[in-house]
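One structure below.
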Protein chains: 2
Amino acid sequence: MGRGKIVIRRIDNSTSRQVTFSKRRNGIFKKAKELAILCDAEVGLMIFSSTGRLYEYTSTSMKSVIDRYGKAKEEHQVVANPNSELKVCSLDKFPYIYSQVFACLSKRLALLKNCLLRLYAWHLMYIYPTLKHNANAECA
Amino acid sequence: MGRGKIVIRRIDNSTSRQVTFSKRRNGIFKKAKELAILCDAEVGLMIFSSTGRLYEYTSTSMKSVIDRYGKAKEEHQVVANPNSELKVCSLDKFPYIYSQVFACLSKRLALLKNCLLRLYAWHLMYIYPTLKHNANAECA
DNA sequence: AGGTCTATGTATAATAG
DNA sequence: TCTATTATACATAGACC
């Protein structure tokens, strides 16, 4: 779509690669906007240039898009069961489910903390008074 | 770009909205691929149709793109300090930094667990034998 | 709901400033 | 580098299967 036909392969010349990047980036952002409006779609687009700079477009918010993406993916994946024994190995593959696993870990952490505190309190109340020697537990 | 010019507003007729969605979705995916190849860019594109279905394209992997997005954003944001006192309030705004907070929580959980186990072991070894009455701690 | 056709609108490669 | 121009290639609206 221009004066000459081009083949789709990496543009070697960095200057024209940069120029083409600017033009096509604008083009694809426009297309993304149009798609979102015309078709009532939620769109999230992230682009990293070859120089590493981030360009983004989203019809709503990237948080919303990424969260929704994670949710949509979970439906097709076996997700770490929040009630199972800390099975978080699938995280490597699906970082977008962090939100759920975070909630799970957070809960477990709270439970463990609570448990530890109760044990410690109980210890202070019932055990410590009966002890004459120092407990060298490092936990505070 | 077709037989007639159109204005960019939501297409009311759901059938033609669906048809336009299919066509333009293919179009934007093609553009995204071309951009990635021509300009050596990393691209991630997520689209949810008005019926809620997910369509995605990425030149690498969505995990990579989302992680990189999170990292790029963090540079411009104050992130929960992993060493601070469980300060995860910023998560609501930036879900893409879950990976870091997860690592942090994971570490804390492991520490707490270890602490709890040591305390429990110490308890079993030094305290339990000296107790004649039952400890009604609910933790296992 | 997907594929084909084709006239026409758009995007953009090449070029110049 | 950035901006403007323009000839061309491409995308797609509308139509019909």
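Because the structure is a prediction, the values reported are computed rather than measured. Chain identifiers are assigned alphabetically (A, B, ...) following the order of the sequence lines, protein sequences preceding nucleic acid strands; residue numbering begins at 1 within each chain.
- Note: CG (A:N13) to C1' (D:dT1) measures 13 Å, nearest angstrom.
- Whole-Å rounding puts the A:N26 CG to D:dT3 C1' distance at 13 Å.
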Margin query: Applying side chain to side chain contact (heavy atoms under 4.5 Å, CB included) to B:K63 and B:D67, what does each step give before you reach the verdict?
Written below: CA-CA 6 Å; B:K63 170 187 178 346; B:D67 273 359; 3.0 Å; yes
For nucleotides 13-17 of chain D, which of its nitrogen or oxygen atoms have a protein nitrogen or oxygen under 3.5 Å away, and what is each distance?
unit_1, atom_1, unit_2, atom_2, d
D:dA13, OP1, B:R24, NE, 3.0
D:dA13, OP1, B:R24, NH2, 2.8
D:dA13, N7, B:K23, NZ, 2.7
D:dA13, N3, B:R3, N, 3.1
D:dG14, N7, B:K23, NZ, 3.4
D:dG14, O6, B:K23, NZ, 2.8

Checklist line | Worked verdict on A:E42 versus B:I47 for side chain to side chain contact (heavy atoms under 4.5 Å, CB included) | finding: CA-CA 6 Å; A:E42 185 172 22; B:I47 303 176; over 6 Å; no
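- Residues B:R53 and A:E34 each lie close to DNA chain C; by heavy-atom proximity, the contact nearer the 5' end of the strand is made by B:R53.
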Note to self: Please determine whether side chain to side chain contact (heavy atoms under 4.5 Å, CB included) holds for the pair A:R68 and B:M46, giving the CA-CA distance in whole Å, both sets of side-chain angles, and the decisive distance to 0.1 Å.
What the structure shows: CA-CA 10 Å; A:R68 199 172 173 187; B:M46 294 169 262; over 6 Å; no
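- Atom CD1 in A:I8 sits roughly 14 Å away from atom C1' in D:dA11 (whole-Å rounding).
- Shown here are the side chain to side chain contact (heavy atoms under 4.5 Å, CB included) partners of A:R10, two or more places apart in sequence or in another chain: A:D12, A:R17, B:D40.
- Taking every nucleotide of DNA chain C with any atom under 4.0 Å from a non-hydrogen atom of chain A, the first and last of them, 5' to 3', are C:dA11 to C:dA14.
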Next item on the list: Quick one: the dot-bracket string of DNA chain D, using Watson-Crick and G-U wobble pairs with both distances under 3.5 Å, [ ] for crossing pairs and | for bases paired to another strand.
Entry: .||||||||||||||||
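- Residues A:I37, B:I6, B:I8, B:I11 make up the rest of the hydrophobic cluster containing A:L38, defined by ILVMFWY side-chain heavy atoms closer than 4.5 Å, directly or through other members.
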Next item on the list: Evaluate side chain to side chain contact (heavy atoms under 4.5 Å, CB included) for B:S14 paired with B:Q18, printing each intermediate quantity in order.
Entry: CA-CA 6 Å; B:S14 77; B:Q18 179 58 42; over 6 Å; no
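- Of the possible donor and acceptor atoms, none in the side chain of B:S64 sits under 3.5 Å from a partner among the backbone N and O of B:T60.
- Side-chain N or O atoms of A:S59 include one that pairs as donor or acceptor with a backbone N or O of A:V43 at under 3.5 Å.
- A ring pair (Phe, Tyr, Trp, His ring centres under 6.0 Å) check over residues 13-58 of chain B, counting only residues at least two apart or in different chains, returns the pairs B:F21-B:Y55.
- Cluster membership check: B:L35 shares its hydrophobic cluster with B:L45, using side-chain heavy-atom separations under 4.5 Å among Ile, Leu, Val, Met, Phe, Trp and Tyr.
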